[in-house]
Amino acid sequence: MERLRLAILLSGAGTTLQNLINRSRAGDPYEIAVVIGSKPDAYGLERAKQSGIAAVCIPRKDSPNTDAYNEALWGEIRKHDVTHVVLAGFLHLLRVPEDFRHKIVNIHPALLPSFGGKG
């Protein structure tokens, strides 16, 4: 079976990322190519670095609008020859380009933006 190359997008502590790292090391058929965080202080970026995984912060506030932010995200994702994307508590709107349709998993327990709760 061909191993998947994942990009993990997160905004926080990275507990799901840690579970994915552990399962990958246990032999699950994927590798984590890059972790992208939306906040510089997201601990998930530190978890990635400690595990030898490329970690990149692309703060939402640095982009003038959602389209520019998505362009920056997809530009970074494509640099890492990723086959699939995991949204692991990623708290921003992600517009999915045609070449990634049906290649994204959202781990977050809420359907955003409709059911994200306060904040």
Side-chain angles (χ1 to χ4, degrees):
M1 179 184 295
E2 184 178 329
R3 287 177 60 89
L4 304 176
R5 285 185 53 84
L6 304 180
I8 311 295
L9 277 58
L10 53 78
S11 294
T15 52
T16 298
L17 168 65
Q18 189 62 58
N19 289 329
L20 290 167
I21 290 169
N22 295 346
R23 292 304 314 155
S24 176
R25 289 180 176 166
D28 282 5
Y30 61 85
E31 63 184 295
I32 301 170
V34 64
V35 174
I36 301 174
S38 63
K39 299 177 183 178
D41 61 347
Y43 187 67
L45 293 171
E46 184 59 31
R47 287 181 195 262
K49 291 175 192 171
Q50 290 173 3
S51 296
I53 300 167
V56 178
C57 182
I58 303 177
R60 170 61 182 95
K61 64 182 179 70
D62 290 354
S63 296
N65 56 48
T66 299
D67 288 338
Y69 188 60
N70 273 263
E71 196 172 306
L73 288 171
W74 289 109
E76 187 63 37
I77 289 167
R78 287 188 171 101
K79 288 180 187 177
H80 299 273
D81 195 29
V82 167
T83 62
H84 292 77
V85 175
V86 176
L87 305 178
F90 186 69
L91 301 177
H92 302 283
L93 178 64
L94 182 68
R95 294 201 169 112
V96 181
E98 191 60 38
D99 59 326
F100 273 90
R101 295 226 184 261
H102 308 293
K103 295 180 180 180
I104 297 179
V105 175
N106 184 12
I107 301 301
H108 196 282
L111 295 173
L112 298 177
S114 298
F115 301 100
K118 185 176 181 180

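One finds the CG atom of Leu94 at 5.0 Å from the CD1 atom of Ile104 (value rounded to the nearest 0.5 Å). Interatomic distance, CG of Leu4 versus CD1 of Ile32, reported as 11.5 Å (0.5 Å rounding). Once rounded to the nearest 0.5 Å, the distance linking OG of Ser51 with CG of Asn22 reads 8.0 Å.
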- Task: Starting from the C-alpha separation in whole Å, work towards a yes-or-no answer on side chain to side chain contact (heavy atoms under 4.5 Å, CB included) for Thr66 and Arg95.
- Result: CA-CA 9 Å; Thr66 299; Arg95 294 201 169 112; 3.5 Å; yes

- Task: Please lay out, stage by stage, how Ile8 and Arg47 fare under the test side chain to side chain contact (heavy atoms under 4.5 Å, CB included).
- Result: CA-CA 12 Å; Ile8 311 295; Arg47 287 181 195 262; over 6 Å; no

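Residues Val85 and Trp74 have side chains in contact (heavy-atom distance under 4.5 Å, counting atoms from C-beta outward). Arg3 is not listed as a side-chain neighbour of Thr83, based on a closest heavy-atom distance of 4.5 Å or more. Considering only heavy atoms from C-beta on, Leu73 comes within 4.5 Å of Phe90 through its side chain. In this structure the side chain of Leu20 reaches within 4.5 angstrom of the side chain of Tyr30, judged on heavy atoms. Residues Leu10 and Val35 form a side-chain contact, since some pair of their non-hydrogen atoms from C-beta on lies under 4.5 Å apart. In this structure the side chain of Ile77 reaches within 4.5 angstrom of the side chain of Leu9, judged on heavy atoms.
Annotation for Glu31: atom CD counts as buried by contact number, over 12 foreign heavy atoms lying within 6.0 Å.
Panel note: side chain Ser11, backbone Leu91; a donor-acceptor pair is recorded below 3.5 Å. Counting only distance, with no hydrogens or angles, the side chain of Arg23 and the backbone of Asp28 share no donor-acceptor pair below 3.5 Å. Under the 3.5 Å distance criterion, the side-chain polar atoms of Tyr43 are left unmatched by any main-chain donor or acceptor of Thr15.
Here the closest non-hydrogen pair linking Ala72 and Ile58 is O-CD1, 3.8 Å. Annotation for Cys57 and Leu45: closest pair CB-CD1, 3.8 Å, computed over non-hydrogen atoms. What you find for His84 and Phe100 is that their closest heavy atoms are N-CE2, 4.3 Å. Contact detail for Ala33 and Ala54: the closest heavy-atom pair is O-CB, 3.8 Å.
Sorted by first then second residue, the side-chain hydrogen bond (donor to acceptor under 3.5 Å, both in side chains) pairs that include residues 55-64, not counting sequence neighbours, number zero.
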